[in-house]
Amino acid sequence: MEELQDVQLTEIKPLLTDGNSASNFQDFDCQEHDIETAHGVLHVTMRGTPKGNRPVILTYHDIGLNHKSCFNTLFNYEDMHEITHYFAVCHVDAPGHQEAAPPFPTGYQYPTMDELAEMLTAVLTHLNIQSVIGIGVGAGAYILTRFALNHQNLVEGLVLINIDPCAKGWMDWAASKLTGWTTNLDDIVLGHHFSSDELENNLELIQTYRLHIAQDINQENLHLFVNAYNGRRDLEIERPIIGVNETTVKTLQCSALLVVGDTSPAVEAVVECNSRLNPTNTTLLKMADCGGLPQVVQPGKLTEAFKYFVQGMGYMPAVSMTRLARARATSVSSVGSGDIARNQSPTVSQADAIRNRETNQGAARTMEVSC
């Protein structure tokens, strides 16, 4: 039986509804680097400088996006500034996905997903980064997880949005091939990011990203990244059984926060990933009234969750509450397996819900954030 904690948060309006969507794709106070790796050049953008022994926040975007369109709404959000003052940030663009990237030459062999993960070691070495807290979305979440599995000592924590730990099955591959013959690449990528409800009703958001995918991302390079993601291997992670295989099973050793919107196309994949991870260091955050890009649509909620996540890791112990936290009315309810009725419980904060995972050694916890 899994315990589900329903945390009520007040609404924060999305940043892409104010007519200033273009400004959310801009970087501020950044340094750009082109770093040679064993599998090609990676374009990375540093915000701030590494501070003492603190890890650096390392981000990796999803297909059809770059670091600006995937993460700048989140990192330019007001309450996120307190976090970026404490941590430096390193944004990684997949090969050929940085702004104004040229097409690759004919015959170029795009890196596999495993190779994309291995390219990150050269980035950390070049920038003298000792350890990271990763934030990845979709394909980027897969890449960061693969990197963490191969280099446990370099990764202190992971925030994995819309992660799919499974290889693409043969039927899925065949369906995508058939779809690709009848549907343009932009529509395929939009269907990967957004639910049918978002595609039909959130027209401003969809149009913003449709134009970005079609006009700002080199289409040949995008096709190569999509093919690499569709050809991914299963992560082959397994939930450890205490007293049986916890020292030998392949799984993440670092703290992990899995994030998904409740109408996201990735819900089933994220739940599957949660079922394979160690429940003592994993939290599943399911955002109500949120679709495929929670870092864009609900940056306030994700900022707050991330702040409590790093506090649970021992960082930022004395930070102030966010505006969202100050405004919220919090209630917690528990749901038994198969029981849809919600019984009211004593009020606790979201911070308590995340921090209590260290003392809660039972079943995996699902923390559902509701508006």
Side-chain angles (χ1 to χ4, degrees), residues 4-21 23-25 57 59 61-62 65 67-84 135-138 140-141 158-163 190 192-209 212 257-267 269-271 283-310 321-331 349-351 353-354 366-371:
L4 183 145
Q5 297 175 326
D6 186 5
V7 182
Q8 299 285 344
L9 300 181
T10 57
E11 177 69 17
I12 292 292
K13 296 297 183 182
L15 296 189
L16 289 180
T17 61
D18 59 3
N20 296 322
S21 58
S23 65
N24 290 307
F25 289 175
I57 296 173
T59 76
H61 60 84
D62 202 355
L65 308 176
H67 83 268
K68 293 184 178 181
S69 54
C70 191
F71 291 110
N72 275 14
T73 298
L74 175 64
F75 282 91
N76 291 339
Y77 188 74
E78 180 181 349
D79 287 337
M80 194 69 174
H81 296 170
E82 190 171 21
I83 296 174
T84 56
I135 304 179
V137 181
L158 287 174
V159 177
L160 304 172
I161 303 170
N162 299 339
I163 184 171
L190 287 171
H192 165 78
H193 289 305
F194 301 106
S195 66
S196 57
D197 181 67
E198 286 180 294
L199 291 171
E200 293 175 3
N201 299 317
N202 201 339
L203 300 182
E204 182 179 357
L205 178 70
I206 301 304
Q207 182 65 6
T208 296
Y209 278 87
H212 169 68
L257 175 63
L258 309 186
V259 181
V260 67
D262 65 349
T263 63
S264 168
V267 169
V270 175
V271 172
T283 300
L284 172 59
L285 184 66
K286 188 177 179 184
M287 290 188 173
D289 299 327
C290 183
L293 293 179
Q295 78 280 10
V296 173
V297 178
Q298 298 288 0
K301 293 179 181 179
L302 188 55
T303 297
E304 184 178 14
F306 182 62
K307 182 177 291 188
Y308 293 141
F309 178 67
V310 297
M321 295 175 65
T322 62
R323 291 183 294 113
L324 180 60
R326 290 192 295 267
R328 110 184 137 227
T330 304
S331 66
S349 68
Q350 183 180 357
I354 294 179
T366 299
M367 183 171 60
E368 182 174 348
V369 180
S370 306
C371 294

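The figures here come from the full heavy-atom set of this structure, side chains too, leaving out hydrogens, waters and symmetry mates.
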With rounding to the nearest 0.5 angstrom, report the [atom1] to [atom2] distance, [X] to [Y].
X	Y	atom1	atom2	value
H61	Q295	NE2	CD	12.0 Å
L285	E304	CG	CD	10.0 Å
C70	Y209	SG	OH	7.0 Å
L293	L302	CG	CG	11.5 Å
I57	I83	CD1	CD1	6.5 Å
K286	T263	NZ	OG1	9.5 Å

Could you tell me if the side chain of F306 sits less than 4.5 Å from the side chain of L257, heavy atoms only?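 Counting from C-beta outward, L257 and F306 never come under 4.5 Å.
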Quick check: closest heavy atoms across [X] and [Y], and the distance to 0.1 Å?
X	Y	result
D62	H193	OD2-CE1, 3.4 Å
A288	K301	O-NZ, 4.3 Å
I161	P294	CG2-CG, 3.6 Å
V270	V259	CG2-O, 4.4 Å
F71	I135	CZ-O, 3.5 Å

Check whether any side-chain N or O of [X] sits under 3.5 Å from a backbone N or O of [Y] as a donor-acceptor pair, and report yes or no.
X	Y	answer
T303	P299	yes
N162	G292	yes
E198	I206	no

For the pair F194 and N202, evaluate side-chain contact (heavy atoms from CB on, under 4.5 Å) and give the outcome as yes or no after the intermediate values. CA-CA 10 Å; F194 301 106; N202 201 339; over 6 Å; no
